[in-house]
Structures are given as structure tokens and as C-alpha cells.
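Keep in mind it's a predicted model, so treat the numbers as computed, not measured. Chain naming here is simple, since letters A, B, ... match the order of the sequence lines and numbering starts at 1 in each.
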Amino acid sequence: MQTVRFDFVEPTTLDEAVALMAEHGHEAAAVAGGTDLLRDIRTGKRQPALVISLARLHTLSGVRPNDDGGLTVGPLTTMAELARSAVVRERAPALAEAAGHVGSPQVRNRATIGGNLCNARPCADTAPPVIVHSATLELTGKGGTREVAAKDFIINPGQTQIETNELLTAIRLPAPGGPAGSAFETLTNRKAVEITITSSTAWLMLDGDRVAQARICLGSVGPTPLPGLHGEGLLRGADPTPDKLAEAAKACVADASSIDDFRGSADFRNHLVEVLTRRALTRALAWALTRGRGGLS
Amino acid sequence: MKKLLQLTVNTVPREVAVHAHATLGEVLREELGLTGTKIGCGEGDCGACTVLLDGEPVNSCLVLALQASGREVTTIEGLADGEGLHPVQAAFVQAGAIQCGFCSPGMILSATALLRRMPAPSELDVRTALSGNLCRCTGYQKIVEATLGAARDLATEGEQASSRRRP
């Protein structure tokens, strides 16, 4: 453990925060909940001269349901808020499940979805749900805002498309065009305060009895969250029988690039990809069928 | 350079000069003398440093003190009413849920926050709420029993209080 000295500012407006980011560039670190940053500072991984706390930017917090059935999630929304939000559980169940799985109750009361996405760990649990829901991320810098698809946001471990002078200011999940559902499945060595060994997140949209679109995202089996392209391809237009879901889950093993480490071997991870993807697809389908019957989308 | 921090600790408004890099846990212990808050791993894994920030359990080793500005902090010292133990503390003593005691402040604060939000939790609710607090002595069983016992005690107290209020 080491003491790193830094200065601290807590701006109250987005303009002020963006100006500070532009002024201090690489010397500054933005902090939301701090559950990653403070660990990184203590272990010497990061040594910022200035910590810019975003906690008082209240407009960046909370979940807003859109009239069309989509969701706008503020990046400062905590994992605890996401996990217990009725509208997130309804419209993006995989995201509520993943957020409810992060860390411990204490960590979930501090950690934010924005921090989880921007830190871009291969095991970041909220990234796959945001990706399968085809979210767009709004980035704000001094020159204005731009949008990036969530699937393109994370480039490498710890590296995203965000520039040093930009902040993530909104996460937008569009309304699906039909009855849809999603689910998140993960395995960890113990149930709390653990790092995901492998996760699989599935999103399905139905057209009558058939799958109109499927999206699968695998976590902790590559440097970034990986799309389960082989499984998605098999499901498009298919009759979603249990055998078909199992076949698609098995096909996703080819999408993983698992490695051996102390949490599990590559073989074990590949096995988990199949098992967890099958479970995630099964539950996502159940959600979509409920929506179809209830006339909800 | 130190900065002035104003916050409420155990219902008392406090003003203290702190380093920008100081954590809430360090300030509680070293500046305010509230050593009931224990610092274990310093990385948010063990939960020994748990305090309530605006009523919600957080790891005080992962909160910068200045981030608590204007907010309300409850430490283990804030639970007892004078010499009288808080019902959750009393239940821990009663059930033998304390051995070395290092995890107890954090454990009791997590349990207290749970019972405020959910007065009649299931065993699974209790285990989930305490999942961020590690204990290396007790094996957790007595801690879970103590929390469930505290829920029953608080419910009985509540019933007695409401029957006293009836005309």
C-alpha cells in the first residue's frame, strides 16, 4: 500500500467538469464511485495529480424511461440503483442482473455503470448487457458531444474510444422493434466480491414464433467483451427450440478466445461459454415470450 | 495542502481539515478518533471499514473523505444509545456472533442497514446483505442467526411501542 498525493476538485456543472478535463488532460483522473480508481491508486497502477470527482453532476445520475420503450441511463447511476430499478428490470433485465452481481453490497452502493464501462476491464459485467441491447454511448468534450456504439467502445483492456478530455454523459438503450428479452449468466468462485471467470449475456427478439434477431456477448474470455457471432447467425430466423438454443450456445465457443489463468483454464472457460450461453438464451427467450403474450414490447 | 471538509458524523456536524488523498476511513479514525471503524484490506474486499453513507453501507477505504462533503456518515459509535446497546449490537452479543471483533463494526452496520430497509428478511437476504463483510473466526452462522434474531427483537419492540400508543 502506498500514499499517492493528489489534488481534488468536485465540479458542480458538466461544462466545468469538461473544462477541467481539457485543462489537465493525462494528469487528471475522473472519479465517480471510486471503487476502481482508489484501488488503482493504492496499488500504484495510476498516479493522477488531480482527481476530478463527478459525484455532484446530478444530471448524469439515474435512469430515465423513454416514451418509445427505450431507456436512458446516466453514467453515475450506481450498480445498486440499476439492480433494484423496476424499469431496468423490465426493459433491460440482463443489465439489472449484471449490476446486481458486481462486487458486494458496499461496492454496488458506490460503483457506477459509467465507471465500469470506462475502466473497460475484460470482466466488466455491465458491458455485455449494454452491448446486446445495442446501446449508444454519448461522449461529451469541450467541442460538443458525439455518439459511439457500445459494441465499438471498448478497444483493449483498460482502453476505450473516450478521449482524455471527454466524459461519458449518457448510455442510451433503444426500444426493441418487437417482443424482446435479455439475460445475464456468470460464474465466479464465490458469490460476492469476485471477478467473473466467464459470463454470457443474450438478447432475443421474436417475430411470431421465430427469432427475428439474436445478440450474444461473452465476458472474460477475451481482451474485450466478444460478440457470439456464430450463435447469433444460427438463431436468426430460427424456431427457438431447446435444441436450437443449445446448438447456438455450442457454436459460440468458436467466438471465445479463452486463456488459462488462476481463475480457470481455457478449456473450462470454453465449457462455461456453452453452458452459460444456453442458460442465458433460454431465459432471454422466456422474457421475450412473456412480452409477446402480454402485448408489451 | 489540506482542505476543509464539512460532514455529519453520527448526527453531529463536524468540520475537519483533510488531505485530498485521505480516505473517509482514515479521517474517521485518525482525525475524528472514531477507531471503531477498522481498516482491513484497504481495497474494498473485506468490508471491515464499512460505514453508512446517507444510510447505505459503503467501504470507507474506497471513499475519498472529500467525497463525503455535506453527507451523513454513521459509524459503529453512532449506533448505541449512551450505555445501551443498539438492538443489533445486543443481538450479536446474545448470539455469540463476536469472536476477535475486527469484523463486527462493519458486520453490524451492514446488518443494521438491511433491517432498516427490510425489517423481516429471509436468511438468504441476510447472507446477501452481509456478503461484502468477511469474518475469519465465526464461520458466519452465528452472525446470520444474530441478524435474524435482531429482526425479531426489533419487530417485538415495534409491536410493544405501537400497543403503548393505543388509547
Side-chain angles (χ1 to χ4, degrees), chain A residues 1-12 28-56 58 76 78-81 83-84 100-112 115 188 190-195, chain B residues 1-5 18-26 30 39-71 106-107 109-111 113-114 117-118 121 124-134 140:
Chain A
M1 222 182 274
Q2 49 180 287
T3 302
V4 175
R5 289 172 182 275
F6 50 79
D7 203 359
F8 175 91
V9 279
E10 201 161 54
T12 52
V31 65
T35 51
D36 280 330
L37 181 69
L38 264 63
R39 281 176 81 128
D40 286 352
I41 287 176
R42 203 148 305 159
T43 53
K45 217 164 111 187
R46 297 190 66 179
Q47 296 174 333
L50 176 68
V51 168
I52 302 172
S53 167
L54 308 177
R56 312 274 159 175
H58 299 297
L76 293 182
T78 64
M79 299 297 175
E81 288 169 318
R84 64 171 174 248
H101 170 78
V102 170
S104 63
Q106 292 93 319
V107 169
R108 290 193 289 276
N109 282 333
R110 295 291 298 166
T112 65
T188 49
R190 67 189 286 272
K191 284 184 183 168
V193 209
E194 258 294 3
I195 305 284
Chain B
M1 196 184 71
K2 285 191 169 185
K3 295 194 175 197
L4 212 54
L5 164 69
V18 302
H19 284 295
H21 57 80
T23 65
L24 179 59
E26 287 163 356
E30 289 158 28
I39 310 290
C41 66
E43 296 187 357
D45 284 336
C46 77
C49 67
T50 300
V51 299
L52 306 186
L53 187 61
D54 291 337
E56 299 285 352
V58 300
N59 295 307
S60 64
C61 72
L62 292 186
V63 178
L64 289 173
L66 289 171
Q67 286 191 301
S69 164
R71 303 182 69 174
M107 204 61 95
L109 285 164
S110 285
L114 168 72
R117 193 178 68 239
M118 192 186 278
L124 181 64
D125 294 329
V126 172
R127 288 189 184 274
T128 305
L130 301 181
S131 61
N133 294 83
L134 300 186
Y140 301 101

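Contacts of Cys46(B) with chain A are absent, with no heavy-atom separation under 4.5 Å from either backbone or side chain. Proximity to chain A is limited to the side chain of Leu53(B), based on heavy atoms less than 4.5 angstrom apart. Residue contact with chain B, scored on non-hydrogen atoms closer than 4.5 Å, involves the backbone and the side chain of Arg5(A) alike.
Using a 4.0 Å cut-off between a side-chain N of Lys or Arg and a carboxylate O of Asp or Glu, Arg46(A) and Asp40(A) do not qualify as a salt bridge. Taking a cutoff of 4.0 Å between a charged side-chain nitrogen and a carboxylate oxygen, Arg39(A) and Asp45(B) qualify as a salt bridge.
Residues forming a side chain to side chain contact (heavy atoms under 4.5 Å, CB included) with Ser69(B) (at least two apart in sequence, or on another chain): Arg56(A), Leu5(B). Partners of Asp36(A) under the side chain to side chain contact (heavy atoms under 4.5 Å, CB included) rule, at least two apart in sequence or in another chain, are Asn119(A).
In terms of heavy-atom pairs under 4.5 Å with chain B, the best-connected choice from Leu38(A), Val31(A), Thr35(A) is Leu38(A). Ranked by non-hydrogen atom pairs under 4.5 Å with chain A, the options Leu64(B), Thr23(B), Thr50(B) are led by Leu64(B). Listed options Ala22(B), Cys61(B), Ser110(B) were ranked by heavy-atom pairs under 4.5 angstrom with chain A; first place goes to Cys61(B).
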With side-chain hydrogen bond (donor to acceptor under 3.5 Å, both in side chains) as the test, would you mind laying out the steps for Asn109(A) and Glu81(A) before giving the verdict? CA-CA 8 Å; Asn109(A) 282 333; Glu81(A) 288 169 318; over 6 Å; no

